[in-house]
Amino acid sequence: MTKIIIVGGVAGGASAAARARRLSEDAEIIMLERGEFISFANCGLPYHVSGDITQRDALLLQTPQSFKSRFNVEVRIFSEVVAIDRQQKVLTVKNVLSGEEYKESYDKLLLSPGAAPIRPPIPGINSANTFSLRNIPDMDRILAAVSQNKPQHATVVGGGFIGLEMVEALHQIGIVVTLLELSEQVMAPVDLEMANFVHQVLVQKQTDLRLNTGLTAITEHPEHLELTLSNGEKLTTGLVILAIGVKPETMLASAAGLELGARGGIKVDDGMRTSDPDIYAVGDAVETLDFVTAQPALIPLAGPANRQGRIAADNMLGRDEKYQRTQGTAICKIFDFAIASTGHSEKSLRRQGRAYEKVYVHPGNHAGYYPGAFPISFKLIFDPVTGQILGGQAFGKEGVDKRIDVLAVAMRAGLKVQDLEHLELTYAPPFGSARDVINQAGMVAANVIKGDERVCHTADILNISPEQFLLDVRNPGELTNIGAIPGAINIPVDQLRQRLAELPKDKEILITCQVGLRGHVAYRLLANHGFNARNLSGGFKTFQITTAKF
């Protein structure tokens, strides 16, 4: 009989425990959790703060009692593993409430310690009314502070997933919010121009958005907190939420002599084994290989953790399953909007020196003649020679998740951008268009690879040379009402064929329209008449959001 000890619950540990029992009725399975809750919806915590999830118990997915009755797994809460003796295969376990310690043996050990919120060593970081949000007790403390102190203003530090979700949650319960972000953008997985859509929404919702601004000190006063910012300014607030990021919990593994990876997480193979063949690790604490580059990556997401737990359970019980790398597919709700991504961003590919091309499309989420259509701004990043899909990003309202999910599946299946136009996706006017967002992006990218279109980007427009000529093919009213790029000559696309004589043959013509579609028509017309031209991918809309300042 195999004795399996699982350290830590939530997505990785709990899924491993349930899977192990489904595979074996004989195995002895014990789960040790240092906190009170073994399986809870940590991604749902901000939505209980906001009131969207009304019942706190809805976040509790399993209890020790339910795990015992359904899976015959012995769950011991308030039980912290403080040491691993790998030679004797024995754990030292401390009862968090009493302080007593005892020994527990194992045949196979699974570590699912998760990741801890980053708390930078700044003065006042442990002040009252300064919180992180990682688990149920954290959430309870935030709700208690809101209820007791009734703060009028809160400050969220960090513009990642939790930070953005907490901005919305606090706004929803009537608290004015300042968001501090040390970098030039929120949502690090996406590129700046796509994050600018989010910046726009935050500002429209009266969020006091402060980019390139960090927190350097917290001073506690009887009725408020005074924050010192990296630019020297002071900010008075009633509540601080630290959402700077997380770091893998590796102290236990490191103390046991298990190998850590280049990024600081626990190093595992594709079977989720650590450097000790009888010890496995899963979830936010481990490094896995990036799907595109095969380089070690730390990607703290629930979906990968769940799959890793299942694979670890299989392998602890004698199977040979392999984890298929991580794409980092993720989505975040921001008020009525969503931002999502999969694979690599442009900036991460630049850091690696990887060649890439990108295209933008801005079609409606469903047929324009059906009420309620709203644009999905979609960025597709690909290898300019092979067409390998390297990543994608999308912003909009309904349907953002569907488009990124389709792209994530295409990536995993090894499809190229040339294949995307051939995908047969559902269509009815309330749900999409006969040519879906994904089809459109694939067509534009395939045009680039086939040489049917040469594209340029905002950086090219901003650095235009005397040997280039900027042509705007929109209608004059659009330039007046929406805006135009300085220096552009306007010839509407429907007049272009008759006005070719106005264009220089000795210069490269950079074409822009509103979203790139009329620009493509103009590009083909000019190319067929022997002009040297490029079309601004995504048109003026992409230029406008790329150059926006917040």
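Ile122 and Ala217 get closest at one heavy-atom pair: CD1-N, 4.1 Å.
Residue Glu220 places its CD atom among more than 12 non-hydrogen atoms of other residues, nucleotides or ligands, all under 6.0 Å distant. The environment of CD in Gln172 is crowded: more than 12 heavy-atom neighbours from other residues, nucleotides or ligands sit within 6.0 Å. Summarising the local packing, CD of Gln204 is surrounded by more than 12 heavy atoms from other residues, nucleotides or ligands at distances under 6.0 Å.
Residue pairs meeting the side chain to side chain donor-acceptor pair (under 3.5 Å) criterion with at least one partner in residues 242-252, sequence neighbours excluded, are Arg34-Glu249. Applying the ring-ring contact (aromatic ring centres under 6.0 Å, His included) definition to pairs two or more places apart or across chains, none involves residues 226-254. Sorted by first and then second residue, the pairs that involve residues 53-74 and meet salt bridge (Lys or Arg N to Asp or Glu O under 4.0 Å), not counting sequence neighbours, are Arg56-Asp140, Glu74-Arg76.
Using a 4.0 Å cut-off between charged nitrogen and carboxylate oxygen, Glu165 and Lys333 do not count as a salt-bridge pair.
Side chain of Ser15 to backbone of Gly12: a donor-acceptor contact under 3.5 angstrom is found. At least one donor-acceptor pair under 3.5 Å links the side chain of Asp269 to the backbone N or O of Met272.
In this structure Glu223 satisfies the salt bridge (charged side-chain N to carboxylate O under 4.0 Å, His left out) test with no other residue, sequence neighbours excluded. Residues satisfying the side chain to side chain contact (heavy atoms under 4.5 Å, CB included) test with Ala188, not counting sequence neighbours, are none. Partners of Tyr106 under the ring pair (Phe, Tyr, Trp, His ring centres under 6.0 Å) rule, at least two apart in sequence or in another chain, do not exist in this structure. Every residue meeting the ring pair (Phe, Tyr, Trp, His ring centres under 6.0 Å) condition with His171, not counting sequence neighbours, appears here in chain and number order: Phe335. Contacts of Glu346 classified as salt bridge (charged side-chain N to carboxylate O under 4.0 Å, His left out), with partners at least two apart in sequence or in another chain: Arg350, Lys358, Lys379. Residues that satisfy the side chain to side chain contact (heavy atoms under 4.5 Å, CB included) test with Gln295, not counting sequence neighbours, are Thr293. Considering only residues two or more places apart in sequence or on other chains, Phe197 meets the ring pair (Phe, Tyr, Trp, His ring centres under 6.0 Å) condition with Phe395. Residues meeting the ring pair (Phe, Tyr, Trp, His ring centres under 6.0 Å) test with Phe550, sequence neighbours left out: His199. Considering only residues two or more places apart in sequence or on other chains, Lys267 meets the salt bridge (charged side-chain N to carboxylate O under 4.0 Å, His left out) condition with Glu259.
Side-chain polar atoms of Thr236 and His224 form no donor-acceptor pair below 3.5 angstrom. For the residue pair Ser79 / Lys94, no side-chain donor-acceptor distance below 3.5 Å is found, with atom types taken as modelled.
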